[in-house]
Amino acid sequence: MSKPSPKKPAGRSRTPIREKLTTVRPSGEKDDNFFELVHAVARQIPKGRVTTYGAIAAALGARGSARMVGWAMISGHLVENPVPAHRVVNRTGLLTGRHHYNPPERMQKLLEKEGIKIKDNQVVDFARLFWDPSREL
DNA sequence: ACGCTGACTATTA
DNA sequence: CTAATAGCCAGCG
């Protein structure tokens, strides 16, 4: 990978997450809302496939903002159109977001229900199941 | 306003 | 392989 642009990525967007969660926004409203973009991409993840925080961030042009993607997942289950956040893992295929589920084992359960095998909180055959939004979308 | 935290990742030692 | 470091940036005390 190359990094010729030290400039700030386009992912910046102040996102009053609390307003987002408590306010129903009219359809067609799609501004610089980074979180909604993340949700939109995450919803495209095919069943039985997984992707990473970094891959989603990169697809949105915010290469270095993988953390914000994970953050967006937190609200992902509170919005009207639910986001399959369980299909998003870290770059090694580890289920780092499992602690946000109730109970934590639920994330693994959801993945297994889609035919994905999990061993030690890690996606088995991760490389093969990996779905790259910027390449396959 | 400042510093720390965190569902991350790439780099370096 | 592991560990430390540095970017990243919105929220919170």
Side-chain angles (χ1 to χ4, degrees):
Chain A
M1 305 282 275
S2 56
K3 187 171 88 69
S5 315
K7 72 186 282 286
K8 183 164 140 189
R12 50 88 201 359
S13 62
R14 64 258 171 267
T15 306
I17 184 169
R18 187 171 295 174
E19 287 183 23
K20 229 104 256 189
L21 302 179
T22 58
T23 305
V24 177
R25 318 186 60 181
S27 55
E29 165 127 9
K30 55 193 322 238
D31 41 45
D32 56 339
N33 192 325
F34 183 67
F35 282 37
E36 289 197 3
L37 290 177
V38 172
H39 291 170
V41 173
R43 279 193 275 259
Q44 308 308 306
I45 306 173
K47 187 178 179 184
R49 304 288 298 281
V50 294
T51 192
T52 70
Y53 305 97
I56 292 176
L60 295 177
R63 199 166 90 50
S65 303
R67 280 184 164 173
M68 300 302 100
V69 174
W71 203 349
M73 292 299 103
I74 297 176
S75 63
H77 69 100
L78 296 176
V79 296
E80 290 186 55
N81 197 352
V83 174
H86 59 281
R87 298 185 188 135
V88 185
V89 299
N90 83 342
R91 73 165 188 95
T92 68
L94 193 64
L95 279 57
T96 49
R98 58 192 221 95
H99 294 301
H100 291 263
Y101 284 82
N102 192 266
E105 297 78 40
R106 198 160 93 82
M107 184 175 185
Q108 172 172 340
K109 208 74 160 65
L110 289 170
L111 289 171
E112 291 177 330
K113 194 182 300 183
E114 297 183 357
I116 298 176
K117 304 283 199 301
I118 307 296
K119 172 131 190 182
D120 291 324
N121 298 321
Q122 210 170 269
V123 175
V124 176
D125 209 359
F126 170 66
R128 193 174 63 79
L129 296 175
F130 176 63
W131 180 81
D132 186 352
S134 57
R135 188 186 51 170
E136 310 197 47
L137 194 60

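Keep in mind that this is a model prediction, so the values were computed, not measured. Letters A, B, ... mirror the listed sequences (proteins, then strands); counts begin at 1.
Counting to the nearest Å, the C1' atom of C:dC9 and the CD1 atom of A:Ile74 are 13 Å from each other. To the nearest angstrom, P of B:dG6 lies 16 Å from CG of A:Asn90. Taking atom CE of residue A:Met68 and atom C1' of nucleotide B:dG6, one finds them 8 Å apart after rounding to whole Å. A:Phe34 has its CZ atom 13 Å from the P atom of C:dG11, to the nearest Å. Regarding A:Tyr101, its OH atom lies at a distance of 13 Å from the P atom of B:dA7, rounded to whole Å. Atoms CG (A:Leu60) and P (B:dC8) sit 17 Å apart, rounded to a whole Å. Remark: P of B:dA7 and NE2 of A:His39 are 15 Å apart, rounded to the nearest angstrom. Between the P atom of B:dT9 and the CG atom of A:Asp132 lies a distance of 13 Å, rounded to the nearest Å.
Among the heavy atoms of the strands lying under 4.0 Å from A:Ala85 is at least one base atom, whether or not backbone atoms are also near.
Closest of all the heavy-atom pairs between A:Asp132 and A:Ala55 is OD1-CB, 4.4 Å.
None of A:Ile118, A:Asn102, A:Asn121, A:Val89 except one satisfies the side-chain contact (heavy atoms from CB on, under 4.5 Å) rule with A:Met107; the exception is A:Val89. With A:Leu95 as the partner, the side-chain contact (heavy atoms from CB on, under 4.5 Å) test is satisfied by one option alone out of A:Val88, A:Val123, A:Asp120, A:Asn90: A:Val123.
In the set B:dC8, B:dT9, B:dA10, the nucleotide with an atom closest to the side chain of A:Arg67 is B:dC8. Listed nucleotides: B:dA10, C:dA10, B:dT9. Nearest to the side chain of A:Trp71: C:dA10. If you check B:dT9, B:dA7, B:dG6 against the side chain of A:Arg91, the one that comes closest is B:dT9.
The shortest side-chain heavy-atom distance between A:Phe130 and A:Thr51 falls under the 4.5 Å cut-off.
Listed pair A:His99 / B:dA7 fails the phosphate criterion, with no side-chain N or O lying under 4.0 Å from OP1 or OP2. Regarding contacts with the backbone of B:dC8, every side-chain N or O of A:Thr52 stays at 4.0 angstrom or more from both OP1 and OP2.
The same atom, C1', is picked in B:dA7 and in C:dG13; the two are 22 Å apart, to the nearest Å.
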Kindly determine whether A:Val79 and A:Phe35 satisfy side chain to side chain contact (heavy atoms under 4.5 Å, CB included), including the steps that lead there. CA-CA 11 Å; A:Val79 296; A:Phe35 282 37; over 6 Å; no

